[in-house]
Amino acid sequence: MSTESAPIANNFLRSIIEEDLKNGKHSTIITRFPPEPNGYLHIGHAKSICLNFGLAKDFGGRCHLRFDDTNPAKEELEYIESIKESVAWLGFEWGEHLYYASDYFEQLYQWAEHLIKSGKAYVEDLTAEEIRAHRGTLTEPGKESPWRNRPVDENLDLFRRMREGEFPDGSKVLRARIDMASPNMNLRDPVLYRILHATHPHVGDKWRIYPMYDFAHGQSDAIEGITHSICTLEFEGHKPLYEWFLDNLPVPSRPRQYEFARLNLTYTVMSKRKLHELVSSKTVSGWDDPRMPTLMGIRRRGYTPDAVRTFCERIGVGRSDSWIDMSILEECVREDLNEHAPRVLAVLRPIKVVIDNYPEGLVEEFEAANHPQKPEMGSRKVSFSRELFIEEDDFMEQPPKGFFRMTPGIEVRLRYAYIVRCTGVVRDVNGNLLEVHCEYDPASRGGSAADGRKIKGTIHWVSAGHSVDAEVRLFDRLFGDPNPDRGGADYKQFLNPDSVEILPAAKVEAGLAGADIETRYQFERLGYFRPDPVDSSDGKPVFNRIVTLKDTWSKK
RNA sequence: UGGGGUAUAGCCAAACGGUAAGGCAACGGACUCUGACUCCGUCAUCUCUUGGUUCGAAUCCAGGUACCCCAGCCA
């Protein structure tokens, strides 16, 4: 975990907590991250995780991980495991505070009976369609159900029989008896329980009725003693209901809900439905495709937890809808990796270079720094010989103005090795470039000219006989448009056709043959890469490009 | 045309009646054996808008405008 102490930006949640602590409303704070295990976590969840766990940590409180598992029709064990893994990967610990809303089902059930007994809930016989028709619209009040004034005893009897499994799915629901004319739709007698003959991923076949989110969330918070229940903006309209339950039930504590704006990121999509579509249509290779905004994808790509946390810190938190530019996320990884990634030489699109005046058969070894700014990271030896590979982009026969890489007649430095001058090229009958020929300056051993002359360009290389083959996967943004989600149009039309490019014949320095799967490298002058954790092997290394280096040259 | 929210630079975001922080981006320059990194400098007379209160307003008041959320037995 990074120890840099960047000043913590103030935000409205911190202000509220500071105030609550100062005036004694709370002596400690307890937050919670409450995912529904119905899918994999994405970068938007990371914002919530960092907020909840981060706030708790900063103020000396704690944060619970609680699965909001009230809908067995959509939830799976696999998601529970994956979510735990992702939260842990991000660097947060819930310790013993792992909870499931489903563990509170008995208590919730008792509270439902409590509402029935106090005349504040009733069993509804209307169908889903009828309920909808009775609900009214945004501008018209709803109509009361004919079952709204059922006697308490009958409600109790029916509700108990619902629990016993006497009725089929959808035949009845339990509703709160609040106000069918409320301007807040959430208060028009919301459904509390529905009948679902389904096996639950956590509690199995214990229940035939399941509470709705609204009836479970606030009470779960109260049971756990949550002080600050932080959720996204769309739940704001639910707050009056959240509080209605706390007011009308003998709950053990009084949590308070606060809302913040969810994360929107440019050049990607975040909705579960669309992410699902990308996977099922095979547009991407899976939930962990390195282009996906899922935490699994980001992780496989090579992003570090530190970078993601920095990102969440940097974007701040507010209550206005906002779109964060993808470049901020990218900059966060660069910052982290620039600091920690060992440097290495790799050639993605090799072209052959022959140094005509270099002795045939001679092999020299040069000392290359693992991190030029950090001598403590040590160095390694790289082999040099008469035949090398350099980057296709680093050679031009007729360069534009300002090009200071390899070009006929001009000296260029081969990083850590020698200064060379291109003397010509060899082409095949079709005009394809076969080889670039050079002459080297023997007095520039190590890369510095004996006479101190300045060499403008330095390029990376790899010895033909001392490098290993590798596959390199270049990832780019999944969408070509900053807002693929934007209204109306089909987001798929904005898919970036070049979001992945496979380079099957890259050459990397020999030391990378058995590269550690968890090590992120900087391929000098190219970007940051890491071995793909699923496809890479010692025999055939596969590298994922995490992010490019900034490139002020290609921009011009 | 119901209710609930939100408007500060290209993108985020501070400010709590006392004279517009910070980050990212951008632009200029220095340095450089990575066109990277690092470093220096520039970047809102102004806070959606129109009025009002005040010695003083992004902050308070009144009226507009724009955008977001709510009519699942989803969360």
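Residue numbering restarts at 1 for every chain, and letters A, B, ... go by the order of the sequence lines.
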How many Å lie between [atom1] on [X] and [atom2] on [N], as a whole number?
| X | N | atom1 | atom2 | answer |
| --- | --- | --- | --- | --- |
| K456(A) | U34(B) | NZ | C1' | 13 Å |
| I131(A) | C74(B) | CD1 | P | 11 Å |
| W207(A) | C73(B) | CH2 | P | 21 Å |
| L138(A) | U1(B) | CG | P | 13 Å |
| D214(A) | C74(B) | CG | P | 12 Å |
| L329(A) | A25(B) | CG | P | 13 Å |
| Q522(A) | G35(B) | CD | C1' | 13 Å |
| D325(A) | C24(B) | CG | P | 14 Å |

Does the side chain of [X] get closer than 4.0 angstrom to OP1 or OP2 of [N] through an N or O atom?
| X | N | value |
| --- | --- | --- |
| R66(A) | A75(B) | no |
| R343(A) | U34(B) | no |
| T137(A) | G2(B) | no |
| R314(A) | C11(B) | no |
| S320(A) | A13(B) | yes |
| R135(A) | C73(B) | yes |
| S327(A) | C11(B) | no |
| K374(A) | C37(B) | no |

Which nucleotide in the set A15(B), C12(B), C73(B) lies at the smallest distance from any side-chain heavy atom of N10(A)?
A15(B)
Choosing from U34(B), C70(B), C74(B), which nucleotide comes nearest the side chain of N186(A)?
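Output: C70(B).
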Give me the distance, rounded to whole Å, that separates [N] from [M] when you measure between the [atom1] atoms they each carry.
| N | M | atom1 | value |
| --- | --- | --- | --- |
| U8(B) | U47(B) | P | 12 Å |
| U50(B) | A66(B) | P | 16 Å |
| U65(B) | C46(B) | P | 25 Å |

Judged by modelled atom types alone, do [X] and [Y] share a side-chain donor-acceptor pair under 3.5 Å?
| X | Y | value |
| --- | --- | --- |
| Q257(A) | E259(A) | yes |
| E524(A) | H460(A) | no |
| Y491(A) | E277(A) | yes |
| N184(A) | S182(A) | no |
| R477(A) | T268(A) | no |

Base, sugar-phosphate alone, or nothing: which one does [X] contact when heavy atoms must sit under 4.0 Å apart?
| X | answer |
| --- | --- |
| N11(A) | sugar-phosphate |
| S448(A) | base |
| H238(A) | base |
| F235(A) | base |
| E524(A) | base |
| G237(A) | nothing |
| I324(A) | sugar-phosphate |
| G527(A) | nothing |
| R132(A) | sugar-phosphate |

For the residue pair F159(A) and Y109(A), does the interplanar ring angle fall in the parallel (under 30°), tilted (30 to 60°) or perpendicular (over 60°) class?
parallel
What do you reckon, do Y213(A) and the base of A75(B) stack, with centroid distance below 5.5 Å and planes below 30°?
no
